[in-house]
Amino acid sequence: MSTRETTMSIDPARFWSTVMRSGEIGPGKAGGLRRLALTDADKEMRDLFITWCTEAGCTVAVDRVGNIFARRPGTDDHLPPVLMGSHLDTQFAGGKYDGIVGVLAGLEVLRTLDDRRVRTKRPLELVCWTNEEGARFTPPMVASGAFAGVFDVDWVLALRDDDGKQFGGELERIGYSGKAAVGGRSIDAYFELHIEQGPILDREAVPVGIVVGGYATRGMHVDVHGETAHSGPTPMDRRRNALVGAAMLAVAVNDVGWKYHATEGKATVARLVAWPNKAGILSEYAQLTCDVRHADRAVADQMWAEVKAAIPDCARRANVEMRIAGEWQFGSERFDPGCVRLIREAAQQLGVAHKDILSQAGHDAYYLSRIAPTAMIFTPCRDGISHNEAEHAELDYTSPGVNVLLRAVLARANR
């Protein structure tokens, strides 16, 4: 790198002002955000993001599942690009930093390069992935998954939310049903900065986590079918309450999590819906969404087998039918050693304290790692609180990670 490049650093005040501006769009009820994918608030944020990107001199393209790509040309512009990115959608009761700091950190990298009039050999692209959270359309990370060839594009477009609204229809409604093909092109590398969403970095006062991989995660929807009946006179041996069957399975999943708790295993049911779900009548249908997570893939598979083994017993005890309606998995990936090395070298050059760490949450980077060299940078969040409106980050312990991102991306793009 030239002297000009080795002394470059971001404008922290500018970076944080974009984060704070984002935090005004789609406010929640307790100081955080509720900016669900493909809602009006999501459109407002997307529109602002594109404005920022075009002001930074980028050309913008949107693909068929709504992923936004802002491109900064390279001196050898025919070369595959280096991507940075994350997501701008949030949970129902989410914070102002999850995903958002990653996208806006990438924007600050592009702005900083423009400030210094630094051209990279390879083009750079900043991407905002659609519906990473999966809070409105499940499963999570479907748009980055489609880009990586994990999910079929038409299947993604056909997904429906709880109100029956279709993914593709909502893309059209907010004006983000793009024309660009989804994936199918060469990517040199992908870098994603994200808050840790765990307590390790904050507890140890380490500003940069170098993510070497993730917890193996296995998830599924389970449909439960029973029969409506009066909740009063119907004899217990004739009841086929789908809600009860789903609740039994929810407890069984939770028990699996506790069984493996000593080795940091986790298992839970995060969502349960039922119909008609009214007083005085037994529910004829229920669906639950569950997952298990463990750092050891073999242990995660064992936990998953135990969850599945509980299904027949819960169905028998509740006198209902259960079937797996859909499965997914991620997190078994290990990130690219070359990209990880660039992050480590950048942190060392900058004198930034860092440590290797595993991700326990899902990220778009998992799917990107299946098609391109990929690495992640974690920054701290207070007490590890996330997917909660109390989620909090500070500029002072976020900006070191953004400077590491800048240095690592620059080194990769000038190869």
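A quick note: this is a predicted structure, and the numbers were derived from the prediction, not measured. Numbering starts at 1 and runs along the sequence shown.
Annotation: cation-pi pair R185/F69 present, NZ/CZ under 6.0 Å from the ring centroid and within 45° of its normal.
The shortest distance between side-chain heavy atoms of E132 and S86 does not fall below 4.5 Å. Inter-residue side-chain proximity for C381 and Y97 is flagged as unmet; no heavy-atom pair is nearer than 4.5 Å. Residues D63 and V153 fail the side-chain proximity criterion, which asks for heavy atoms closer than 4.5 Å. Looking at heavy atoms from C-beta onward, I100 lies in side-chain contact with L33 at the 4.5 angstrom threshold. Taking the side chain as every heavy atom from C-beta outward, F335 and I210 never approach each other to under 4.5 Å. Counting heavy atoms from C-beta on, the side chains of L350 and R407 come closer than 4.5 Å. Counting heavy atoms from C-beta outward, L410 and L113 have side chains that approach closer than 4.5 Å. Side-chain contact between M303 and R218 is absent, with no heavy-atom pair separated by less than 4.5 Å.
By the 4.0 Å N-to-carboxylate-O rule, D162 lies close enough to R271 to be salt-bridged with it. Using a cut-off of 4.0 Å between Lys/Arg side-chain N and Asp/Glu carboxylate O, D223 and R323 are scored as salt-bridged. At a threshold of 4.0 Å, the pair R415-D188 counts as salt-bridged, since one of the basic side-chain nitrogens sits closer than that to a carboxylate oxygen. Remark: D313 engages R316 in a salt bridge, criterion side-chain N to carboxylate O under 4.0 Å. A salt bridge links R173 with D40; the closest basic N to acidic carboxylate O contact falls under 4.0 Å.
Listed by first and then second residue, the salt bridge (charged side-chain N to carboxylate O under 4.0 Å, His left out) pairs that reach into residues 23-33 are R21-E24, sequence neighbours excluded. The ring-ring contact (aromatic ring centres under 6.0 Å, His included) contacts involving residues 271-302 comprise H225-Y285, where partners must be two or more places apart or lie in separate chains. Residue pairs satisfying the ring-ring contact (aromatic ring centres under 6.0 Å, His included) criterion with at least one member in residues 166-186, sequence neighbours excluded, are listed as follows: F137-F167.
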Self-check item: I195/D98 under side chain to side chain contact (heavy atoms under 4.5 Å, CB included): CA gap, chis, key distance, verdict
Solution: CA-CA 6 Å; I195 61 169; D98 174 1; 4.2 Å; yes
Exercise. May I have the step-by-step check of side chain to side chain contact (heavy atoms under 4.5 Å, CB included) for V211 and E192, ending in yes or no?
Key: CA-CA 10 Å; V211 187; E192 181 169 347; over 6 Å; no
Quiz item: What do the steps show when you test F49 against L126 for side chain to side chain contact (heavy atoms under 4.5 Å, CB included), and what is the final call?
Solution: CA-CA 11 Å; F49 172 63; L126 173 59; 3.7 Å; yes
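For E264 (side chain) and A295 (main-chain N/O), no donor-acceptor pair under 3.5 Å exists by modelled atom type. In this structure, the side chain of N403 engages the main chain of I10 through a donor-acceptor pair within 3.5 Å. A distance-only check finds no donor-acceptor pair linking the side chain of S386 to the backbone of G384 [under 3.5 Å]. A distance-only check finds no donor-acceptor pair linking the side chain of R122 to the backbone of V82 [under 3.5 Å].
The side-chain hydrogen bond (donor to acceptor under 3.5 Å, both in side chains) test applied to R317 returns no partner, not counting sequence neighbours. Contacts of E327 classified as side-chain contact (heavy atoms from CB on, under 4.5 Å), with partners at least two apart in sequence or in another chain: M220, W304, K308, I324. Taking Q91 as the reference, E133, A135, H387 meet the side-chain contact (heavy atoms from CB on, under 4.5 Å) condition, with sequence neighbours excluded. E394 pairs by the side-chain contact (heavy atoms from CB on, under 4.5 Å) definition with H392, Y397, not counting sequence neighbours. For D152, there are no side-chain hydrogen bond (donor to acceptor under 3.5 Å, both in side chains) partners two or more places apart in sequence or in a different chain. By the salt bridge (charged side-chain N to carboxylate O under 4.0 Å, His left out) test, R64 pairs with D154, sequence neighbours left out. Every residue meeting the side-chain contact (heavy atoms from CB on, under 4.5 Å) condition with K278, not counting sequence neighbours, appears here in chain and number order: P276, I281.
A donor-acceptor contact closer than 3.5 angstrom is absent between the side chains of N131 and H87. A donor and an acceptor atom, one from each side chain of R35 and S22, are located under 3.5 Å apart.
Expressed to the nearest 0.5 Å, how far CD of E125 lies from CZ of R72 amounts to 13.0 Å. Here the straight-line distance linking atom OG1 of T130 with atom CG of N67 works out to 4.5 Å at 0.5 Å rounding. Atom CD1 of I25 and atom NZ of K43 lie 12.0 Å apart (nearest 0.5 Å). The CD atom of E108 sits 10.5 Å away from atom CG of L405, with the distance rounded to the nearest 0.5 Å. The CZ atom of R240 lies 5.5 Å from the CD atom of E321; values are rounded to the nearest 0.5 Å.
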Ignoring hydrogens and angles, write down the donor-acceptor pairs under 3.5 Å from the side chains of residues 354-361, residues two or more places apart or on other chains.
{"unit_1": "H354", "atom_1": "ND1", "unit_2": "V352", "atom_2": "O", "d": "2.9"}
{"unit_1": "K355", "atom_1": "NZ", "unit_2": "E204", "atom_2": "OE1", "d": "2.9"}
{"unit_1": "K355", "atom_1": "NZ", "unit_2": "E204", "atom_2": "OE2", "d": "3.4"}
{"unit_1": "D356", "atom_1": "OD1", "unit_2": "R344", "atom_2": "NH2", "d": "2.5"}
{"unit_1": "D356", "atom_1": "OD2", "unit_2": "R344", "atom_2": "NH2", "d": "2.9"}
{"unit_1": "S359", "atom_1": "OG", "unit_2": "A361", "atom_2": "N", "d": "3.3"}
{"unit_1": "S359", "atom_1": "OG", "unit_2": "A361", "atom_2": "O", "d": "3.0"}
{"unit_1": "S359", "atom_1": "OG", "unit_2": "H363", "atom_2": "NE2", "d": "3.1"}
{"unit_1": "S359", "atom_1": "OG", "unit_2": "Y366", "atom_2": "OH", "d": "2.9"}
{"unit_1": "Q360", "atom_1": "OE1", "unit_2": "K266", "atom_2": "NZ", "d": "2.4"}

Which side-chain N or O atoms in residues 247-259 pair as donor and acceptor under 3.5 Å with protein atoms at least two apart or in another chain?
{"unit_1": "K259", "atom_1": "NZ", "unit_2": "E306", "atom_2": "OE1", "d": "3.2"}
{"unit_1": "K259", "atom_1": "NZ", "unit_2": "E306", "atom_2": "OE2", "d": "3.2"}

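Remark: E345 CD is packed, more than 12 non-hydrogen atoms of other residues, nucleotides or ligands lying under 6.0 Å away.
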